[in-house]
*Asks:* 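Handing you a structure now.
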Amino acid sequence: MSDRPDIEIRMVSQPRYVCAVRRAIEALADSQGMSKQDAADLALAISEAMTNVIKHGYDGQIDRPINIQVSPINPNGRKGLKIVIEDECEQVDLSQIQSRPLDEVRPGGLGIHLIERIMDQVQYAHRQSGQGMRLTMCKFIDAQKTVSER
Amino acid sequence: MSDRPDIEIRMVSQPRYVCAVRRAIEALADSQGMSKQDAADLALAISEAMTNVIKHGYDGQIDRPINIQVSPINPNGRKGLKIVIEDECEQVDLSQIQSRPLDEVRPGGLGIHLIERIMDQVQYAHRQSGQGMRLTMCKFIDAQKTVSER
Amino acid sequence: MADQDTIISDHQTIEDGVVVKVEGEIDLIRSPQLRKELIELLNADLDRMVIDLSHVTFMDSSGVATLVEALQIQRRNNKKLILCGLQQKVKSIFEISRLDMVFIITEDTASAAQA
Amino acid sequence: MADQDTIISDHQTIEDGVVVKVEGEIDLIRSPQLRKELIELLNADLDRMVIDLSHVTFMDSSGVATLVEALQIQRRNNKKLILCGLQQKVKSIFEISRLDMVFIITEDTASAAQA
Ligand SMILES: Nc1ncnc2c1ncn2[C@@H]1O[C@H](COP(=O)(O)OP(=O)(O)O)[C@@H](O)[C@H]1O
Ligand SMILES: Nc1ncnc2c1ncn2[C@@H]1O[C@H](COP(=O)(O)OP(=O)(O)O)[C@@H](O)[C@H]1O
């Protein structure tokens, strides 16, 4: 995969715009041959990740930058999509970003769980610039870990 | 409107990706309160403009840059969307970019006509960098020139 | 998706409660409005609330959280909350978050009235 | 939208020709395949070809160009081509390009068989 992503979306942290990115990514996944259900799940995961940046990273501010990069990948002949989400939030301790146990039924706290279950690879990191976080995710088209195996 | 667009999409000139941009723009227009039919027409116009860049500007090359910027606008209280499409094609004489008379029924030659009828403002220009074209378009939400008045 | 609209597009009284129909995408933008509309209805102390999701095309975790909250209110009052008509796309989020076993979920409004 | 698939999802013989059903988005990517499939069928010298567009969710100018080409072939042979079932979204491109007066467009396949 070259350094330049096939598609890059730079947007402000306006919750209204999350829907547009979700639809674009679902269409992209579809065009790469991902099943409709997997593409819909992928769109959900990206939506949750962006929502978390807006809610937790930017505390609801609507004019901060979010950057989404999407590229087809093909490591060892395994087709998939790589999605990177970068922000300029204050860097938090990566151990803070985690899902809660699901046996307690209460509203909230499902986003990270959804992201981890839907994506085949998920990695949060601090950006080297010293500001901002980077979330790198992959989902394969012939995924061994499919959500239907949950 | 500030200089930085609310959403910017940078992508390679791969025809498969046009669908993703189309869906994103339709969702955005919808989220701004545009009617479903106008949002669908807008998506069509953007699709045609991108297709023209790939076909005519890049002669089908799939790895050249296309840049789409979208921002809500509100000149004189009139809500709308401004969309700018930039490429790095060779600059053509702007008079070459024109629609043909429609009374002759034959395949092809409808793209520019669709763009002009759907959008409220359309302007092609040479980019100042000396390379590439810029297409600036607006569509208003309370448009006086609605497509239904055709 | 405009966020000023009402999310519950229709509601119908049944013997022991109400069937409400929800429309469109239930995401961060629209969940607060859904929450408001649901809680208003739940104040009426209904034995059975059926939420028809057949016209919901997308739901994120904020939508699910809203439904969990409604479920908790009903449970606390010893009342029922039933979801029905989920599109597969929408069912998926309940499955992944293992809430398909927590909610009563039925095929359609008819079976929801019996559940 | 995968581009390897066939675009005509179904075709049905009628008294004087055929009804073909087209699916999905007909854009730059998929129009060449549609063109190929249509021209193959038109070689059979059908008195009437009905194209059911009710399952088409998007069409761009390349899709329209493909249909114009099919219309020209039929006209040249003194045969009919009829479009039916257009969703409003799709009807719009025919209206804007003033081709709604050039094509015979009907509500559904039943009326297309008579048109
Ligand atoms: N982008 C982010 N930046 C900072 N903290 C985050 C981010 N995403 C998630 N978190 C942290 O992880 C926790 C779990 O997130 P999540 O599972 O999405 O549930 P919720 O958002 O409902 O709290 C959040 O409460 C927050 O503390
Ligand atoms: N982005 C572009 N770059 C260069 N030339 C263009 C571009 N867009 C349109 N044109 C010119 O305008 C003409 C009309 O375009 P259009 O109405 O879309 O019909 P078609 O693409 O079928 O020829 C094209 O044939 C081409 O010469």
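Convention: sequence-line order gives letters A, B, ...; per-chain numbering from 1.
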*Asks:* Less than 4.5 Å apart, side chain to side chain, heavy atoms only: is that true for D:F58 and B:C19?
*Replies:* no
*Asks:* Which region of D:L99, side chain (C-beta onward) or backbone (N, CA, C, O), has a non-hydrogen atom less than 4.5 Å from a non-hydrogen atom of chain B, or is it both or neither?
*Replies:* side chain
*Asks:* Taking 4.0 angstrom as the limit, do B:R22 and D:D60 come out as a salt bridge?
*Replies:*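 Here B:R22 does not pair with D:D60 in a salt bridge, since their nearest N and O are not under 4.0 Å apart.
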*Asks:* Give a yes or no answer on whether the side chain of B:E48 reaches the backbone of D:S61 with a donor-acceptor pair at less than 3.5 Å.
*Replies:*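 Flag set: sc B:E48 to bb D:S61 pair under 3.5 Å.
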*Asks:* What part of B:L102 gets closer than 4.5 Å to chain D, counting heavy atoms only: side chain, backbone, both or neither?
*Replies:*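 Side chain only.
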*Asks:* If you count heavy atoms of other groups shown closer than 6.0 angstrom to NE2 of B:H56, is the number above 12?
*Replies:* yes
*Asks:* Identify the heavy atoms of D:V68 and B:P107 that sit nearest to each other, and give their distance.
*Replies:*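 Closest heavy-atom pair between D:V68 and B:P107: CG1-N, 3.6 Å.
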*Asks:* With a cut-off of 6.0 Å (strictly less than), are more than 12 heavy atoms of other residues, nucleotides or ligands near CG of B:D59?
*Replies:* no
*Asks:* Using a cut-off of 6.0 Å, state whether more than 12 heavy atoms not belonging to B:E90 lie near its atom CD.
*Replies:* no
*Asks:* Shortest non-hydrogen contact from D:S92 to B:D41?
*Replies:* OG-OD1, 2.6 Å
*Asks:* D:I93, D:V64, D:L71: which one forms the most heavy-atom pairs within less than 4.5 Å of chain B?
*Replies:* D:I93
*Asks:* Does a sphere of radius 6.0 Å around CZ in B:R64 hold more than 12 heavy atoms from other residues, nucleotides or ligands, not counting ones at 6.0 Å or beyond?
*Replies:*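 Yes.
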*Asks:* Which heavy-atom pair separates D:A65 from B:G108 by the least distance, and what is that distance?
*Replies:*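 Heavy atoms of D:A65 and B:G108 come nearest at CB-N, 3.4 Å.
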*Asks:* Sequence neighbours left out, what pairs pass ring pair (Phe, Tyr, Trp, His ring centres under 6.0 Å) with at least one residue falling in residues 70-115 of chain D?
*Replies:* D:F94-D:F103
*Asks:* Rounded to the nearest 0.5 Å, how far does CZ of B:R16 lie from CG of D:L28?
*Replies:* 11.5 Å
*Asks:* For the candidates B:L114, B:L44, B:V18, which exhibits the highest count of non-hydrogen atom pairs separated by less than 4.5 Å from chain D?
*Replies:*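 Among the listed options, the one with the most contacts to chain D is B:L44.
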*Asks:* Report yes if some heavy atom in the side chain of B:R117 is under 4.5 Å from a heavy atom in the side chain of D:R98; otherwise report no.
*Replies:* yes
*Asks:* Where does D:Q72 contact chain B at under 4.5 Å (heavy atoms): side chain, backbone, both or neither?
*Replies:* side chain
*Asks:* Taking all non-hydrogen atoms of both residues into account, name the closest pair between B:Q37 and D:K89 and its distance.
*Replies:*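 So the two residues come closest at OE1-N, 3.7 Å.
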